[in-house]
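Just so we're on the same page: letters track the sequence lines, and every chain starts at 1.
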There are 4 protein chains.
Amino acid sequence: MNASRLESEVRSYSRNWPVVFDQARGSRLTDRDGRVYLDFFAGASALNYGHNHPVLKRALLDYLERDGITHSLDMLTVAKEDFLREFGARVLGPRGLDYRVQFPGPTGTNSVEAALKLARKVTGRHTVVAFTGAFHGMSLGSLAVTGNASKRGGAGVPLGHTWRLPYDGFAGGEVSGLKLLDSMLDDRSSGMELPAAVIVETVQGEGGVNPAGHTWLADLAELCERRGILLVVDDIQMGCGRTGPFFSFEAAGITPDIVCLSKSLSGYGLPMALTLFRTELDVWRPGEHNGTFRGNNPAFVTAAAALREFWADSALEKQTEVRGALFEERLGDLAQRYPAQVSARRGRGLAWGLAFREAEVARGVADAAFARGLLVETSGSDDEVVKLLPPLTATDEELSEGLGILGESVAATVDA
Amino acid sequence: MNASRLESEVRSYSRNWPVVFDQARGSRLTDRDGRVYLDFFAGASALNYGHNHPVLKRALLDYLERDGITHSLDMLTVAKEDFLREFGARVLGPRGLDYRVQFPGPTGTNSVEAALKLARKVTGRHTVVAFTGAFHGMSLGSLAVTGNASKRGGAGVPLGHTWRLPYDGFAGGEVSGLKLLDSMLDDRSSGMELPAAVIVETVQGEGGVNPAGHTWLADLAELCERRGILLVVDDIQMGCGRTGPFFSFEAAGITPDIVCLSKSLSGYGLPMALTLFRTELDVWRPGEHNGTFRGNNPAFVTAAAALREFWADSALEKQTEVRGALFEERLGDLAQRYPAQVSARRGRGLAWGLAFREAEVARGVADAAFARGLLVETSGSDDEVVKLLPPLTATDEELSEGLGILGESVAATVDA
Amino acid sequence: MNASRLESEVRSYSRNWPVVFDQARGSRLTDRDGRVYLDFFAGASALNYGHNHPVLKRALLDYLERDGITHSLDMLTVAKEDFLREFGARVLGPRGLDYRVQFPGPTGTNSVEAALKLARKVTGRHTVVAFTGAFHGMSLGSLAVTGNASKRGGAGVPLGHTWRLPYDGFAGGEVSGLKLLDSMLDDRSSGMELPAAVIVETVQGEGGVNPAGHTWLADLAELCERRGILLVVDDIQMGCGRTGPFFSFEAAGITPDIVCLSKSLSGYGLPMALTLFRTELDVWRPGEHNGTFRGNNPAFVTAAAALREFWADSALEKQTEVRGALFEERLGDLAQRYPAQVSARRGRGLAWGLAFREAEVARGVADAAFARGLLVETSGSDDEVVKLLPPLTATDEELSEGLGILGESVAATVDA
Amino acid sequence: MNASRLESEVRSYSRNWPVVFDQARGSRLTDRDGRVYLDFFAGASALNYGHNHPVLKRALLDYLERDGITHSLDMLTVAKEDFLREFGARVLGPRGLDYRVQFPGPTGTNSVEAALKLARKVTGRHTVVAFTGAFHGMSLGSLAVTGNASKRGGAGVPLGHTWRLPYDGFAGGEVSGLKLLDSMLDDRSSGMELPAAVIVETVQGEGGVNPAGHTWLADLAELCERRGILLVVDDIQMGCGRTGPFFSFEAAGITPDIVCLSKSLSGYGLPMALTLFRTELDVWRPGEHNGTFRGNNPAFVTAAAALREFWADSALEKQTEVRGALFEERLGDLAQRYPAQVSARRGRGLAWGLAFREAEVARGVADAAFARGLLVETSGSDDEVVKLLPPLTATDEELSEGLGILGESVAATVDA
């Protein structure tokens with residue numbers, strides 16, 4: 001019996017990378033046949049510290065070996081307390097963030113659902129502003145604020161309670177979403193009521209690696225505060241250092257009302273998510289939002305270890321920023337070399353996109369890279385962007401190697 | 001800094017059990033101060049094989065130690081293939097179930113969301129029938145079919161596309177949900193269109209441990225088939241052997257179109273969920289439903305180990321059924337002893353509820369049990385039911401001990 | 001050019017009665033070719049006082065001739081004041097009804113929309129309970145509470161915010177809607193929140209002439225009052241004396257919170273509608289609901305004249321009740337004569353339905369009647385009910401004549 | 001008993017004009033005390049031919065006197081055929097419009113509801129694009145596309161299935177609704193699905209007399225055609241000659257897919273409405289949309305008479321255009337004289353708005369006009385626009401008189 005044939009048609013990555021992976025460490029994966037791959041995908045940014053980081057692994061093994069409690073719902077545990085202590089001391093405290101922490105269930109969409117529920121509950125309003133190109137998850141509340149037509153089409157019901165606005169730079173920037181929002185809220189006959197919240201990614205990963213300008217984000221935050229709209233930053237893909245600082249919104253100098261975190265939070269690829277919000281927004285009644293896997297203690301253990309390992313000082317943040325400049329330059333070279341094919345290179349920190357004028361070229365590049373042992377994926381409205389999300393912990397040599405393969409892959413695709 | 005004060009008011013279990021748990025093994029938990037607790041809650045049925053089962057633990061440690069890939073989205077991995085092979089060979093095959101397997105994200109609500117989306121997509125209809133007392137999850141699609149008023153109130157938007165019917169035995173059974181469904185669908189002016197699906201739990205756990213009769217379930221399945229409505233069994237809490245057989249619906253002789261599984265699936269309390277559906281329903285387009293933690297390989301490893309350990313033969317199933325009879329008898333004794341306080345004892349396999357006439361008594365019993373070192377929780381519309389979900393792997397002595405403490409706790413509460 | 005070919009396919013009555021009507025008076029219509037028809041349809045109860053009643057006609061002509069203002073939005077006019085005075089003095093006052101009067105626009109669906117909006121605004125809740133077989137109108141708010149599948153299908157969007165329950169006697173009465181409502185509201189996990197309102201017809205006209213029992217209506221009113229749900233009686237088709245008293249709910253001894261009136265209100269077939277509600281529910285802000293034709297003064301004039309003519313004493317009410325007994329008997333005879341074809345005769349006052357086991361027979365009877373010069377239409381879920389709504393002002397001879405033709409038509413159809 | 005005290009708080013015009021009107025003819029109303037008012041409001045454009053026009057009156061009286069059928073649902077009648085013949089011959093034919101005619105019920109909101117239902121049914125899509133400042137009616141479907149916050153607030157439920165875009169010139173024109181629509185539909189991740197229809201007024205009456213540019217309308221029509229979106233023009237307030245031509249969209253050279261007509265259609269202020277649509281869109285099933293007062297024959301009679309009287313040639317159209325130039329000039333003078341108070345004068349044909357910088361000034365002007373015997377009302381988001389809608393049939397002297405009073409009223413208000 002072929003076990004793989006049991007799996008639903010919904011699978012996707014396994015179509016582009018038709019091998020069976022077995023082991024992984026750092027920036028490398030090994031398939032069942034022993035072939036090794038350099039990972040510039042990093043679990044769609046769920047593996048910012050690489051695969052199976054040895055320090056985290058040791059903490060995890062220790063915990064499991066001594067029979068630390070694994071599953072605890074929302075009970076208090078030693079592991080959770082340790083995580084909260086580290087999160088307070090190394091993340092919230094130094095940044096002056098007065099946030100409460102909710103464990104909404106261990107996936108990003110759980111976090112977004114909790115954020116939207118809380119924003120609606122606090123304000124008594126129902127509309128949420130979301131942006132073109134947004135990706136926030138697949139459950140019905142998150143899907144309503146997600147932009148992708150194919151994924152939305154899976155809902156099977158109309159997706160409502162959302163006010164969709166153009167993201168920074170959308171369609172060449174000719175229509176300003178913030179001006180539109182502001183002017184429609186100024187007009188009592190605009191037909192749009194004051195929303196409960198705005199949900200935004202500072203850099204849209206699935207949307208094609210579109211970074212919002214710091215000024216745009218600051219203007220958005222100012223607008224929200226001025227009008228009493230809650231600002232939700234979905235930092236699931238871009239948080240945990242992907243763009244440099246722990247939170248991607250730090251560079252814009254803003255403080256969201258609510259923050260969604262997941263993906264690289266556990267540091268080890270284990271399911272974990274948080275919803276953070278200003279203390280005065282904590283109007284939840286006990287158990288009003290719950291979930292079976294809120295207490296995934298192995299993830300708490302690796303998450304605490306990751307905070308100790310990577311966020312005790314600003315070394316990682318600075319290194320990521322330096323590497324961002326490198327990527328900008330190297331991808332800029334590629335863009336210059338292939339102006340007929342490459343329309344843009346965009347990014348921040350170690351989240352980069354190489355946008356092609358035609359989606360087939362982007363697909364071709366990703367396929368050529370895979371053939372050369374490099375894992376990269378595409379994103380964007382038409383999957384026209386090759387997305388680069390290497391582990392933040394990759395060595396300089398690995399980054400160079402990956403960029404080299406990418407260059408070869410572009411050349412091979414363009415010249416083919 | 002008190003780390004716990006960071007956590008949101010939404011926490012609930014930690015209020016009833018105000019200790020910090022540290023370690024766990026089998027049916028026992030130990031708190032930070034070394035106090036030991038007998039667990040008749042089992043992670044709300046996420047720990048059917050107890051905490052940190054040594055066989056699963058060994059498999060997990062081996063996998064982690066050899067740097068098996070941890071996080072893989074929906075790529076193929078050795079660990080996933082192993083799980084699928086075991087699941088096909090030990091679960092689907094022997095039961096003649098021609099199901100495709102979707103990894104919808106690692107929590108129960110991910111599974112329910114995927115099930116509802118697929119049912120709507122397949123049928124092109126939008127309404128889903130759900131029952132009084134139902135619990136299906138906290139994300140917006142699942143919450144719409146959940147019954148609990150407090151949890152629904154957290155949504156902040158009207159929850160639609162649902163047709164709510166009385167569950168088997170609701171309100172003394174005086175109004176038949178199935179007759180109502182059938183007769184309203186017979187009448188072109190009833191105002192209710194043909195639904196996409198019916199979603200049902202065979203035993204409602206959160207709803208107060210209400211088992212539906214086998215006949216009722218068979219009648220429901222017949223009605224669905226006759227009318228072309230997809231039958232979704234949410235077996236998240238009652239599957240994986242909780243009521244005896246692997247799937248709780250086996251005893252009723254029905255084959256659902258779609259099945260949701262999670263909780264005890266990994267066997268180790270690790271986040272994992274599946275959505276199963278008949279092969280011809282597999283109309284998903286690639287990537288139409290996705291999620292970051294669909295490929296939680298540590299969970300695949302323990303899940304496969306659990307299938308090998310517990311589902312190679314029918315021993316566990318039979319033992320659970322025998323123990324069910326024991327619980328029925330022992331709880332029956334309690335009910336007889338306290339007719340003024342206990343209104344019913346209900347259950348199947350090792351899922352039991354002791355329903356009290358007054359919610360405060362149920363709360364008092366749970367508190368008294370905790371004071372005596374037994375973890376039990378309440379459920380039901382008014383939290384009036386003491387819910388018993390011991391690990392299936394508990395020893396006879398542990399079961400006896402727990403039932404003994406329960407009896408003492410009832411006595412202490414009633415006599416107080 | 002054939003003018004009729006301009007009209008949309010949506011037309012329906014003109015298909016069953018393919019003639020061009022020209023004049024009408026009392027119970028008779030005359031077509032372009034001079035053929036005369038006896039009217040047992042009465043504009044679907046919009047012509048309770050017959051066509052072009054001479055007293056009303058005189059008042060209308062006088063008003064038009066002296067250039068009384070025709071169109072006045074919601075300005076005060078002499079004609080409106082006169083109507084309100086008569087309505088207060090002859091309808092509300094004698095019945096002890098402390099209602100405010102809203103002119104919501106001149107059609108039934110305007111009235112229902114206003115009623116539902118007000119009920120939701122007053123209670124801050126959104127769900128409205130509606131019944132199987134209900135007909136409340138075609139605009140989106142009214143259509144959501146209407147039961148007919150074909151008409152609902154025209155909406156093109158899911159129709160929400162409605163909780164549908166079986167009407168009195170639905171499907172043989174085996175499922176009690178009121179018990180279901182009560183028991184679901186008793187249970188905090190039923191999944192149904194407290195509704196804003198219940199909307200009900202005392203006799204469902206479009207639904208197949210189904211009279212609710214007085215006890216059922218009183219029980220419904222009691223339930224609503226006990227739970228703080230607003231009771232809306234849609235008396236559009238059955239009010240204005242159709243069942244005997246001015247309001248059809250009087251016989252059940254209930255006082256709705258909100259009442260919808262239209263159809264025969266103007267007495268002359270002119271568009272007019274009211275929404276009545278208890279004074280303390282009058283929380284509308286000025287202009288919050290508006291509409292161009294709220295001030296259709298010609299209708300106010302005939303409405304006031306009709307109140308003076310028919311509701312100065314109880315003669316019409318008593319006559320209608322006596323005639324109801326006649327219809328019951330005559331239709332009972334028919335039912336007895338054709339037990340294989342006729343399944344029931346149902347009605348109250350001068351609203352009667354003869355239900356056939358097969359819809360084609362009902363259609364055949366209506367066609368046969370038309371061929372014999374009698375206008376009757378069908379209603380019910382499958383159009384299986386021949387509906388009899390003669391003018392209340394028909395003479396005894398006309399009623400006898402119509403019933404005679406009906407008998408012949410049944411005979412001709414059954415024997416064919 | 002004070003009859004007026006029976007009426008609901010929802011009344012509004014009667015608050016600004018606290019007199020009881022009695023008679024009306026042409027451009028003049030007379031109140032109960034014999035005071036005469038010049039009407040620059042014309043029933044919010046329902047009285048384009050003035051009050052009680054003698055030719056229409058004669059036709060109406062003749063019809064009523066000879067007992068023409070008054071109420072006919074959607075049966076064929078001589079009066080309806082006559083109307084359809086005139087409408088075909090004088091309106092549709094000369095303009096080359098291949099429209100089917102639906103009688104959707106006699107009010108504007110009935111027409112809009114039918115239009116939206118049909119657009120959704122034809123396309124199988126659910127979203128409708130509507131604009132800031134739009135007014136389309138008060139029933140739930142129409143209210144969802146209406147912009148006014150106060151009126152929307154009356155709904156009591158979230159209003160969905162609408163995509164709101166800035167109207168031509170909104171907020172100084174800095175955000176182009178058409179560019180936004182086009183670019184969002186170009187992007188598969190924009191989060192906005194292809195809509196069923198766009199609904200638009202060519203001049204927004206309630207929105208503050210905002211005329212869309214002809215180019216903007218043509219661009220909108222082109223966009224709709226190119227993308228397969230149905231274009232619905234709500235010509236309820238601006239049709240029937242208000243802006244010059246019979247349909248207000250003629251000047252822009254566009255042909256909508258669906259047109260809503262009402263208000264001045266009957267010519268006499270009697271309730272009547274049509275929904276027009278291209279023949280191939282006529283997918284209604286018989287009776288799929290219905291309503292009691294679709295066959296208001298007195299309105300058909302006056303409507304046919306109005307078509308014969310006013311639309312046999314282009315005299316009225318040309319006169320209205322000439323008068324539009326007069327209004328533009330006279331209001332321009334006012335605007336120039338009071339630049340600190342008047343922000344704009346806008347209009348087309350005989351629909352004009354004088355926009356004030358402060359709403360209280362606009363209210364003051366309307367009140368001062370009323371004190372001087374002129375009826376004008378305010379509109380716009382903040383009721384900051386004095387709206388001028390004189391009868392098209394007013395004499396030159398009446399127009400001059402009204403403009404004179406308006407000037408005095410502005411002076412009196414500004415100088416006060």
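When all heavy atoms of Phe293(C) and Ser262(D) are compared, the pair lying nearest together is CE1-OG, 3.4 Å.
With chain C as partner, the option from Phe21(D), Tyr63(D), Phe83(D), Tyr99(D) having the largest number of non-hydrogen pairs under 4.5 angstrom is Phe21(D). Highest contact tally toward chain C, considering only Gln237(D), His126(D), Met272(D), Lys263(D), is held by Lys263(D) [criterion: heavy-atom pairs under 4.5 Å]. Chain C forms the most heavy-atom pairs under 4.5 Å with one residue out of Val283(D), Leu274(D), Leu47(D), and that residue is Leu47(D). The most heavy-atom pairs under 4.5 Å with chain C, out of Glu113(D), Gln102(D), Arg120(D), Arg32(D), come from Glu113(D). Ranked by heavy-atom pairs shorter than 4.5 Å toward chain C, the options Gly153(D), Gly141(D), Gly287(D), Gly137(D) are led by Gly287(D). Across Ala144(C), Pro106(C), Ala44(C), Ala196(C), the residue that shares the most heavy-atom pairs under 4.5 angstrom with chain D is Pro106(C). Highest contact tally toward chain C, considering only Arg125(D), Arg294(D), Glu86(D), Glu65(D), is held by Glu65(D) [criterion: heavy-atom pairs under 4.5 Å].
Only the side chain of Lys57(C) has a heavy atom closer than 4.5 Å to any heavy atom of chain D. Interface remark: Leu92(C) contributes side-chain atoms only to the contact with chain D (heavy atom separation under 4.5 Å). Heavy-atom distances place no part of Ile236(D) under 4.5 Å from chain C, backbone and side chain included. Residue His289(D) touches chain C through both its backbone and its side chain, counting heavy-atom pairs closer than 4.5 Å. Residue Pro298(C) touches chain D through its side chain alone, counting heavy-atom pairs closer than 4.5 Å.
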Step-by-step side chain to side chain contact (heavy atoms under 4.5 Å, CB included) determination, Leu61(D) to Leu61(C)
CA-CA 7 Å; Leu61(D) 289 171; Leu61(C) 289 171; 3.5 Å; yes
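Side-chain contact check for Ile69(D) versus Leu29(C): some heavy-atom pair is nearer than 4.5 Å. The closest side-chain heavy-atom distance from Leu76(D) to Val19(C) is not below 4.5 Å. Here the side chains of His71(D) and Leu270(C) are not in contact, with every heavy-atom distance at 4.5 Å or above. Between Leu73(C) and Phe41(D), some side-chain heavy-atom pair lies under the 4.5 Å cut-off. Contact check for Tyr268(D) versus Leu64(C): side-chain heavy atoms found under the 4.5 Å cut-off. For the pair Pro286(C)/Glu9(D), no side-chain contact is recorded, criterion being any heavy-atom separation below 4.5 Å from C-beta on. A heavy-atom distance below 4.5 Å is not found between the side chains of Ser12(C) and Asn290(D). At a threshold of 4.5 Å between non-hydrogen side-chain atoms, the residues Arg11(C) and Phe103(D) do not count as touching.
Side-chain atoms of Thr70(D) and Asn52(C) form a donor-acceptor pair, as typed in the model, at a separation below 3.5 Å. Counting only N and O atoms by type, the side chains of Asp282(D) and Ser8(C) include a donor and acceptor under 3.5 Å apart.
To the nearest 0.5 Å, atom CG of residue Asp74(C) and atom CZ of residue Arg15(D) are 8.5 Å apart. Atom CG of residue Leu6(D) and atom CD of residue Glu81(C) lie 10.5 Å apart, to the nearest 0.5 angstrom. Note that CD of Glu288(D) and OG of Ser150(C) are 5.0 Å apart. Values are rounded to the nearest 0.5 Å. A distance of 10.5 Å separates CG in Leu140(C) from CG in Leu143(D), rounded to the nearest 0.5 Å.
Lys117(D) contributes a side-chain N or O that, together with a main-chain N or O of Met138(C), makes up a donor-acceptor pair within less than 3.5 Å. Of the possible donor and acceptor atoms, none in the side chain of Asp67(C) sits under 3.5 Å from a partner among the backbone N and O of Arg25(D).
The existence of a salt bridge linking Arg66(C) and Asp22(D) is confirmed by a sub-4.0 Å separation between a basic side-chain nitrogen and an acidic carboxylate oxygen.
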